[in-house]
**Student:** 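Mind looking over this structure? Questions follow.
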Amino acid sequence: MEKPTLAITVPCFNEELCVESTVKSLFEVINDLIKKDKIKDNSFVYLIDDGSKDRTWELICKMHEENPLVKGLKFVRNYGNQKAHIAGLLGVRDLGCDCCVSIDADLQQDQWAIEKFVDEYMNGADIVSGIRNSRDTDTFWKKTTAICFYKIMNLLGVKIPMNHSDYRLVSRRALNILAEYPEKQIFLRGFFNEIGLKTAIVHFDVKPRKAGESKFNYMTLLGLALNGITSFSIMPLRLIAVLGFLMALFSIGLGVEVIYEKLILDNTPSGWATIVVLLSFFGGLQLFCMGIIGEYLGQVYREVKARPRYIKDIELK
Ligand code: UDP
Ligand code: MG
């Protein structure tokens, strides 16, 4: 196999404190790989400015002027990390790379693992997933919720490896498949897992964020998790049906019991507590099930409108 043109995509949202040193570090990796004759010397970095309010785009433009191998794209507003990733993947596909690696702007993922990604690509893998060695840099709460998410996803039949991240290499072939998916809300971890191309795994170390703060809050993480589940599994909808069936059986049994008490034992109890408990239980259950259906309805609603995924403002090619 011929050595590839490698593109590195970096989503950036208010990363003025990180972006310059990150690009510098990434070119250290690229130059090292060029020296080792593992990638072509037209390999480049592609930064996606996800509607930053700070000097991020200004800095990207400056770096592009100094080195045309720094390329980029600016969204008109913030569309969130997944869409920035998708725009990066489709952008470098158009620019013509053989494979691309996506990495975060804060370089929490060890950039020197990129060499291993490229080695796996040369061994024939179309997708190389980065798996974190540990989650020590995450807070206890983030760790626990992340573990729950992967457990639930696996239970629901979406087999994503634990501690998977959006640090991965994908080949041109995988990018071409992505370009054929009209779906607007793609959950990339589920997507690359599902398309069934040859996959390899590389373990990497996580470092603390270089500078600035995490750009995620718990609402955005919850949104990401719900989107991940509802776009890849219909199991929750089935569970609702099963639950409804079980509840129906239960209420038949309860009905028989009530009639028995009334007619045979003739000791109709005051029964207030039972009614209150059952009422609130069924009320809660119904609202929860409606919420699940609502999530899917929302998914259909967004897709059926078929709005563009994002709107590009400026592109540096
Ligand atoms: N990011 C983005 N859009 C957003 C939020 C985050 O493009 O709306 C980028 C961010 O600039 C970074 C990556 O996504 O490159 C991961 O974000 P962050 O490091 O803040 O997340 P954490 O590591 O805390 O999960
Ligand atoms: Mg980070």
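Since the structure is predicted, the reported quantities are computational estimates derived from the model, not experimental observations. Counting convention: from 1, in listed order, for ligands and their atoms alike.
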**Student:** Can you tell me which residue and heavy atom of the protein come closest to atom 18 (P) of ligand 1, and the distance to 0.1 Å?
**Tutor:**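 Here the nearest protein heavy atom works out to R209 NH2, 3.4 Å.
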
**Student:** So that I can check it, does any N, O or S atom in Q108 come closer than 2.8 Å to the Mg ion (ligand 2)?
**Tutor:**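 Short answer: yes, at least one N, O or S atom is under the cut-off.
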
**Student:** Distance under 4.0 Å to a non-hydrogen atom of G80: what atoms of ligand 1 satisfy this?
**Tutor:**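 Answer, ordered by atom number: 3 (N), 8 (O).
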
**Student:** Provide the number and element of each atom of ligand 1 under 4.0 Å from a heavy atom of D106.
**Tutor:**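 Listed by number with element, the hits are 19 (O), 23 (O).
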
**Student:** Among all the protein's non-hydrogen atoms, which is closest to atom 25 (O) of ligand 1, and how far away is it?
**Tutor:**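 Going atom by atom, the protein heavy atom closest to atom 25 (O) of ligand 1 ends up being K142 NZ, 2.8 Å.
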
**Student:** Can you label the angle between the F187 ring and the F149 ring as parallel, tilted or perpendicular, going by 30° and 60°?
**Tutor:**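 If you compare the ring of F187 with that of F149, the planes turn out perpendicular.
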
**Student:** Taking just the N, O or S atoms of D106, which one is nearest to the Mg ion (ligand 2)?
**Tutor:**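 Result: OD2.
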
**Student:** Looking only at distance, does A84 have an N or O less than 3.5 Å from an N or O of ligand 1?
**Tutor:**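 N/O-N/O distance under 3.5 Å: no.
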
**Student:** Which label fits W141 and Y218: parallel for a plane angle under 30°, tilted from 30 to 60°, or perpendicular past 60°?
**Tutor:**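 Plane angle over 60°, so perpendicular.
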
**Student:** Look at K207 together with D106 and state whether they make a salt bridge at an N to O cut-off of under 4.0 Å.
**Tutor:**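 The answer is no: the pair does not qualify as a salt bridge.
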
**Student:** Within the supplied structure, the quantity of interest is the number of heavy atoms (other residues, nucleotides, ligands) at a distance under 6.0 Å from M219 CE; does it exceed 12?
**Tutor:**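 No, because the 6.0 Å sphere around CE of M219 holds 12 heavy atoms or fewer from other groups.
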
**Student:** Hey, is C12 touching ligand 1 through its side chain, its backbone, both or neither, going by heavy atoms under 4.0 Å?
**Tutor:**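 The answer is the backbone of C12.
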
**Student:** Run the ring-centre check on F191 versus F232 and record whether the distance is less than 6.0 Å.
**Tutor:**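 So the answer is no for these two rings.
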
**Student:** Ignoring hydrogens and geometry, is there a side-chain-to-backbone donor-acceptor pair from S102 to D166 under 3.5 Å?
**Tutor:**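 Yes.
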
**Student:** Where the closest heavy atom to atom 24 (O) of ligand 1 is concerned, which of S102, P11, S214 has it?
**Tutor:**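 Closest candidate by heavy-atom distance is S214.
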
**Student:** Taking 4.0 Å as the limit for heavy-atom contacts, which would you say applies to N78 with ligand 1: side chain only, backbone only, both, or neither?
**Tutor:**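 Within the 4.0 Å criterion, N78 contacts ligand 1 through side-chain atoms alone.
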
**Student:** Among protein heavy atoms, which lies nearest atom 17 (O) of ligand 1, and at what distance?
**Tutor:**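 The closest heavy atom on the protein side is F216 CE1, 3.6 Å.
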
**Student:** Identify whether the distance between the nearest side-chain nitrogen and carboxylate oxygen of K62 and E65 falls below 4.0 Å.
**Tutor:**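 Salt bridge between K62 and E65, a charged N being under 4.0 Å from a carboxylate O: no.
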
**Student:** Could you identify the single nearest non-hydrogen protein atom to atom 5 (C) of ligand 1 and state the distance to 0.1 Å?
**Tutor:**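 Nearest neighbour among protein heavy atoms for atom 5 (C) of ligand 1, to 0.1 Å: K215 CB, 3.6 Å.
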
**Student:** Starting from atom 23 (O) of ligand 1, what is the nearest protein heavy atom, named by residue and atom, and what distance separates them?
**Tutor:**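 For atom 23 (O) of ligand 1, the nearest protein heavy atom is Q108 OE1, 2.6 Å.
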
**Student:** Between R209 and E15, does any NZ, NE, NH1 or NH2 come within less than 4.0 Å of an OD or OE carboxylate oxygen?
**Tutor:**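 Result for this pair is yes, salt bridge flagged.
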
**Student:** Quick one: nearest non-hydrogen protein atom to atom 4 (C) of ligand 1, plus distance?
**Tutor:**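 The closest one turns out to be D50 OD2, 3.5 Å.
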
**Student:** In the protein, which heavy atom is nearest to atom 14 (O) of ligand 1, and how far is it?
**Tutor:**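 Looking only at protein heavy atoms, the one closest to atom 14 (O) of ligand 1 is N81 ND2, 3.0 Å.
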
**Student:** Return the closest protein heavy atom for atom 10 (C) of ligand 1 as residue, atom name and distance.
**Tutor:**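 Minimum-distance protein heavy atom for atom 10 (C) of ligand 1 reads E15 OE2, 3.2 Å.
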
**Student:** Taking all heavy atoms of I229 and all of P236, pick out the closest pair and write down the distance.
**Tutor:**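 Minimum heavy-atom separation between I229 and P236: CG2-CG, 4.2 Å.
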
**Student:** Is there a side-chain contact between E120 and K198, using heavy atoms and a 4.5 Å cut-off?
**Tutor:**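 No, their side chains stay 4.5 Å or more apart.
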
